[in-house]
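Every chain is numbered from 1, with letters handed out A, B, ... down the list of sequences.
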Amino acid sequence: MGRRRRRVDREAAVGPLPEAIATLSRTLPAGPSPEIFRRAKFDRPEAAPALWRLLFHVLSLLSANGASASAAQEAQVRMVKSELRSQGYPRRALAQLPEDGSQGSRELLLALAWLLARGPLLERLLAQTRVPLGDEIPLFEGVSLVPLECDALARPSPSAPHVEADGPMDIRHLQWLMGKLLFQWRKLITSQQEQCALLGKIHTYTRGCHSDRSLGHLSVAETELLRDAEGGQQLLRRLERENARLEAALQWRCRELVFWRWMDTVLGTCPPEASHPTFLPRIPERGTGELELVARELQALQEELRGAVESRRAAWEARVGGWGPEWNAVQWASWEAVGHELAALQQAWEPGGAAAQPHGPCRLVKSDAGASRGPGLRAAQVIGVLRSREACLEAVLCQLQRQCRQELAKLAGALPGLIWILPSGH
Amino acid sequence: MLPADCSRRLVAELRDALDACAERQRQLDRSLRVSRRLLRTWEPAETPAPQPTPGPETSEEAPSPECTPSSQELKELELLTQALEKAVRVRKGISKAGERHRALSPKSGSTATSASTASAPSRASGQAGCRVSETKPPRGIQQNVVPARGLPECRLLSAGDRTRVGRGAGVTKPGPGLGDQQTPPSAGLRAPEAFTLKEKGTLLQLPMAYRKAASRNSRLWAQLSSTPTGDSVDAATAAKTQFLQKMRMTAGGPSSGLSAAEVDAEVGPLRKACSLLRQRMEEALSAAPADGVQEFHRLLTLEGLQAITEQCLHRLQELRAAVVGQQPGPCPEGRRPRASLPCGGGTAPLWSPQLLLYSSTQELQTLAALKLRVAMLDQQIHLEKVLMAELLPLVRAQEPQGPHWLALCRAAHSLLCEGGQRFPTILRDEPAN
């Protein structure tokens with residue numbers, strides 16, 4: 001943030017481009033100086049390390065990875081390359097840069113600009129590094145307990161440090177792990193309940209203290225700020241840094257045009273990439289697992305539907321004697337109704353779908369019931385949505401378990417001379 | 001016994017799940033520690049207070065000479081303490097005994113600051129003079145006060161402070177909040193009165209610096225979230241699009257199609273589609289049509305569902321093909337949690353948090369419990385699918401007459417059908433003889 005003071009001095013002297021770049025650099029976490037950017041245009045090697053660091057930082061934040069900032073240079077370079085590729089970075093020159101991080105400043109500059117151009121990069125970065133002032137609870141998104149990208153079906157080896165002995169394993173080990181997981185869940189629930197109770201108390205005890213009337217009471221962070229001076233100072237400093245970055249981001253919106261024009265010239269200074277033949281086909285590790293699982297499910301569903309439709313259509317035709325040339329009005333009405341229903345159904349999963357569900361973290365505010373006016377979500381409403389989601393998921397789980405039961409019963413039934421006593425409740 | 005690769009995969013999966021839980025537990029534990037500490041009695045700060053020497057973070061020796069010697073301020077201090085005395089007399093009945101911590105160390109310190117910043121008149125001058133003490137405990141001032149009066153200053157100060165707080169004059173300076181816990185005891189007065197949030201929480205006030213920064217923060221976020229409009233914005237958008245196009249064109253060769261990130265983005269909705277379609281199908285199948293019309297309706301529904309399922313499968317094949325044609329290279333290590341960045345569904349995203357109002361602790365607990373339950377169900381379903389994919393083929397493939405098959409079957413049943421919580425019992429039905 002020392003940039004800002006110097007910038008004020010130089011303001012009269014600098015042109016719009018350096019100013020724009022300086023603004024950009026102030027918004028970015030660990031933004032390099034405008035000089036680095038300028039050198040990068042000419043692909044100067046001394047600009048490379050700073051840009052590798054910057055991109056590493058930015059990409060770790062974007063992917064919400066717990067990537068350690070102290071990773072070695074090579075690891076950082078590798079991470080940047082693979083992350084950009086998986087995002088769809090079009091230029092191949094990036095992959096060819098050496099891993100010691102000594103070159104490639106121009107390419108990295110292009111990569112940064114590419115990330116900036118594709119979406120609200122600065123806003124996302126700011127949101128990721130936001131200083132949480134309130135007691136927050138993420139809704140409907142946020143860290144899920146499911147490792148989404150984990151490809152169970154094609155993983156080479158577990159990444160966990162405590163690797164078990166490779167080799168055939170007793171299934172009881174799995175059962176033990178499962179039991180451990182169940183226990184962990186229960187512990188989580190109790191801890192969670194306690195935390196909520198404590199939060200409720202803190203919110204109640206500090207009611208009326210907040211300068212912001214719409215909030216009304218202090219959050220844990222704010223109370224902690226009052227209790228612990230040191231921590232409070234740190235929080236304040238972080239907040240001020242964030243404010244500076246936010247301001248820079250807003251300024252950037254006014255100044256970015258000149259930056260984009262300049263980037264066009266940067267692109268112009270690149271030698272054209274030779275046209276390569278087709279890429280080597282490869283099934284990447286990530287993604288196939290999930291795809292496969294979904295594919296399997298969809299195929300199973302398709303089978304069931306096919307069976308259901310065929311039998312019912314046959315029955316219908318037998319009943320009605322085939323499709324007449326004319327449908328009566330009722331039949332047309334049915335057809336339309338079904339069309340609407342299914343269209344609505346499709347909306348539920350389409351990306352541009354209607355479900356304008358609240359996203360992201362929410363700040364908890366305790367207010368007495370009756371605060372029906374004012375912005376913000378109401379817990380009761382969110383509870384309703386969560387309950388229906390819970391019911392939905394329970395239905396899915398039950399259905400899967402039912403499927404398994406049927407399958408196993410079929411397999412077990414092949415063996416005579418055994419009596420299976422299933423656990424009670426079924 | 002399970003074959004090596006299968007068991008490796010399953011163990012990895014379960015360990016991931018355990019790690020995710022453990023991480024969540026760690027976060028919860030941290031929050032619990034903080035919250036519990038806040039609800040206990042607040043300790044006075046660690047450094048031995050009575051010394052006039054500066055505490056860890058402050059160097060009052062520097063500011064105090066600046067602040068204390070001012071005769072103007074001494075006078076004002078005098079005035080203030082008189083006023084406070086009066087206030088104490090008035091409030092004596094109300095305030096409990098010995099609560100110089102009532103306003104919490106911050107308060108008493110803050111009053112000291114306000115003393116130095118000339119409470120009633122020109123706050124500006126005082127403020128300028130003691131700008132340093134705004135963020136540092138004005139221990140120097142405190143010392144000034146202490147020798148001057150033999151009264152229970154702290155009690156005075158806190159009482160007086162209460163009047164200030166009540167008036168909301170905003171005179172209470174931030175200094176107190178930020179590190180002043182050392183001051184009250186530093187006066188070497190009576191034994192520190194315990195401060196508990198329960199009793200005196202409503203008297204807390206946030207420091208001014210924080211309040212300013214926080215309101216500026218929320219204002220900036222609001223500005224950032226508002227969709228920008230105007231010519232400059234359009235020009236910038238056009239420039240960006242053009243840049244992206246040029247990038248693609250210079251990329252030498254046809255684009256490789258979908259990136260991994262884009263594929264990932266589609267898998268989620270397809271999964272959701274599958275479960276919604278299945279749900280709808282089950283609803284349709286379980287309903288008993290009363291007449292021909294309903295039967296027809298049901299038939300159309302099922303056919304429609306079939307068509308949509310085929311569309312989804314088709315899209316999936318496309319994604320698969322795109323994935324296969326990807327460029328080779330090292331993969332990102334480890335797993336990636338769902339990218340949890342707030343993005344509204346097409347509308348302007350809210351980058352900073354919304355408010356979520358709850359009315360009772362019960363409600364909050366229900367909400368949190370449900371959230372956790374939903375996350376757990378998600379995890380359970382994922383594990384169920386993975387286990388099904390691994391165990392069922394094994395059970396099918398193994399020789400039923402083999403010695404281990406029964407054990408495998410029983411374990412599989414428990415894991416797959418009961419979530420690992422219950423077991424079936426298998427009896428051999430031997431003839432009696």
Asker: Could you check which of A:Leu174, A:Leu199, A:Val220, A:Val396 has the highest count of heavy-atom pairs closer than 4.5 Å to chain B?
Answerer: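 The option with the most such pairs is A:Leu174.
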
Asker: Please flag which part of B:Leu244 lies under 4.5 Å from any non-hydrogen atom of chain A: side chain, backbone, both or neither.
Answerer: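 The side chain, not the backbone.
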
Asker: Mind checking the CG-OH spacing from A:Leu226 to B:Tyr210? Nearest 0.5 Å is all I need.
Answerer: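 It is 9.0 Å, given to the nearest 0.5 Å.
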
Asker: What part of B:Ile308 lies closer than 4.5 angstrom to a heavy atom of chain A: side chain, backbone, both or neither?
Answerer: side chain

Asker: Just checking, is any N or O donor in the side chain of B:Gln379 or A:Trp185 under 3.5 Å from an acceptor N or O on the other one?
Answerer: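 A donor-acceptor contact under 3.5 Å links the two side chains.
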
Asker: Of the listed residues (B:Leu220, B:Leu277, B:Val293), which shares the most heavy-atom pairs with chain A below a 4.5 Å separation?
Answerer: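 Going by pairs under 4.5 Å, I would pick B:Leu220.
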
Asker: Name the member of A:Gln184, A:Arg312, A:Met178 that forms the most heavy-atom pairs with chain B at distances under 4.5 Å.
Answerer: A:Arg312

Asker: Quick one: of A:Leu267, A:Thr206, A:Leu257, who has the most non-hydrogen atom pairs under 4.5 Å with chain B?
Answerer: A:Leu267

Asker: In terms of heavy-atom pairs under 4.5 Å with chain A, which of B:Thr361, B:Leu408, B:Leu270 leads?
Answerer: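 Ranked by contacts with chain A, first place is B:Thr361.
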
Asker: For B:Glu363 and B:Ser359, which I'm curious about, is there any donor-acceptor pair between the side chains at under 3.5 Å?
Answerer: yes

Asker: What residue, out of A:Glu136, A:Arg387, A:Gln346, A:Arg253, has the most heavy-atom pairs lying under 4.5 Å from chain B?
Answerer: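 If we count pairs closer than 4.5 Å to chain B, A:Arg253 comes out on top.
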
Asker: Quick check on A:Leu393 against chain B: is it the side chain, the backbone, both or neither that has a heavy atom closer than 4.5 Å?
Answerer: both

Asker: Report yes if some heavy atom in the side chain of A:Ile137 is under 4.5 Å from a heavy atom in the side chain of B:Leu356; otherwise report no.
Answerer: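 Result yes, sub-4.5 Å side-chain heavy-atom pair found.
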
Asker: Kindly compute the distance separating CD1 (A:Ile383) from CG (B:Leu370), expressed to the nearest 0.5 Å.
Answerer: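 Reported to 0.5 Å precision, the distance equals 6.5 Å.
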
Asker: With distance as the sole criterion, is a donor-acceptor pair present between the side chains of A:Glu256 and A:Trp260 under 3.5 Å?
Answerer: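 Side-chain D/A pair, A:Glu256 to A:Trp260: present.
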
Asker: Under a 4.5 Å heavy-atom cut-off, does chain B meet the side chain of A:Leu397, its backbone, both or neither?
Answerer: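 Contact with chain B involves both backbone and side-chain atoms of A:Leu397.
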
Asker: Between B:Leu313 and chain A, which part of the residue has a heavy atom less than 4.5 Å away: side chain, backbone, both or neither?
Answerer: both

Asker: State the CG-OG1 distance between A:Leu386 and B:Thr366, to the nearest 0.5 angstrom.
Answerer: 10.5 Å

Asker: With a 4.5 angstrom heavy-atom cut-off, which part of B:Arg280 approaches chain A: side chain, backbone, both or neither?
Answerer: side chain

Asker: Could you have a look at A:Gly200, A:Ala379, A:Ala197 and say which one has the most heavy-atom pairs with chain B under 4.5 angstrom?
Answerer: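 Of the options given, most contacts go to A:Ala379.
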
Asker: Quick one: do the A:Glu83 and A:Ser63 side chains pair a donor with an acceptor below 3.5 Å?
Answerer: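 Per modelled atom types, A:Glu83 and A:Ser63 side chains form no pair under 3.5 Å.
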
Asker: Checking A:Arg306 now: which residues fulfil salt bridge (charged side-chain N to carboxylate O under 4.0 Å, His left out) with it, not counting sequence neighbours?
Answerer: A:Glu303

Asker: What option among B:Leu377, B:Asn217, B:Leu18, B:Leu302 has the most heavy-atom pairs under 4.5 Å with chain A?
Answerer: B:Asn217

Asker: Could you verify whether a donor N or O on one side chain and an acceptor N or O on the other, from B:Asp29 and B:Gln25, lie under 3.5 Å apart?
Answerer: yes

Asker: Under 4.5 Å from any heavy atom of chain A, what part of B:Ser275 do you find: side chain, backbone, both or neither?
Answerer: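 For B:Ser275, the side chain is the part near chain A, not the backbone.
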
Asker: Checking heavy atoms, do the side chain of A:Glu407, its backbone, both or neither come under 4.5 Å from chain B?
Answerer: side chain

Asker: If I measure from the heavy atoms of chain B, does A:Ala295 come under 4.5 Å with its side chain, its backbone, both, or neither?
Answerer: both

Asker: Report which part of B:Gln223 has an atom under 4.5 Å of a heavy atom belonging to chain A: side chain, backbone, both, or neither.
Answerer: both

Asker: In terms of side-chain heavy atoms, does B:Trp221 have a donor or acceptor partner in A:Glu242 at a distance below 3.5 Å?
Answerer: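 On atom types as modelled, these side chains qualify, holding a pair under 3.5 Å.
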
Asker: Non-hydrogen atoms of chain B under 4.5 Å away: do they reach the side chain of A:Leu408, the backbone, both or neither?
Answerer: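 Contact with chain B is through the side chain of A:Leu408 alone.
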
Asker: Under a 4.5 Å cutoff for heavy-atom pairs, which residue among B:Gly420, B:Ala239, B:Ala213, B:Ala214 has the most contacts with chain A?
Answerer: B:Ala213

Asker: Using non-hydrogen atoms and a 4.5 Å limit, figure out which bit of A:Leu218 sits close to chain B: side chain, backbone, both or neither.
Answerer: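 For A:Leu218, side-chain heavy atoms alone lie under 4.5 Å from chain B.
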
Asker: Suppose we screen for side chain to side chain donor-acceptor pair (under 3.5 Å). Which residues come up paired with B:Lys385, at least two apart in sequence or across chains?
Answerer: A:Glu297

Asker: Go through A:Glu222, A:Gln401, A:Lys201 and name the one with the most non-hydrogen pairs under 4.5 angstrom from chain B.
Answerer: A:Gln401

Asker: CE of B:Met388 to CD of B:Glu384: how many Å apart, nearest 0.5 Å?
Answerer: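 Nearest 0.5 Å value for the CE-CD distance: 6.5 Å.
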
Asker: Give, as side chain, backbone, both or neither, the part of A:Glu394 having an atom under 4.5 angstrom from any heavy atom of chain B.
Answerer: both

Asker: Please confirm whether the backbone N or O of B:Leu206 pairs with a side-chain atom of B:Arg211, one donor and one acceptor, at under 3.5 Å?
Answerer: yes

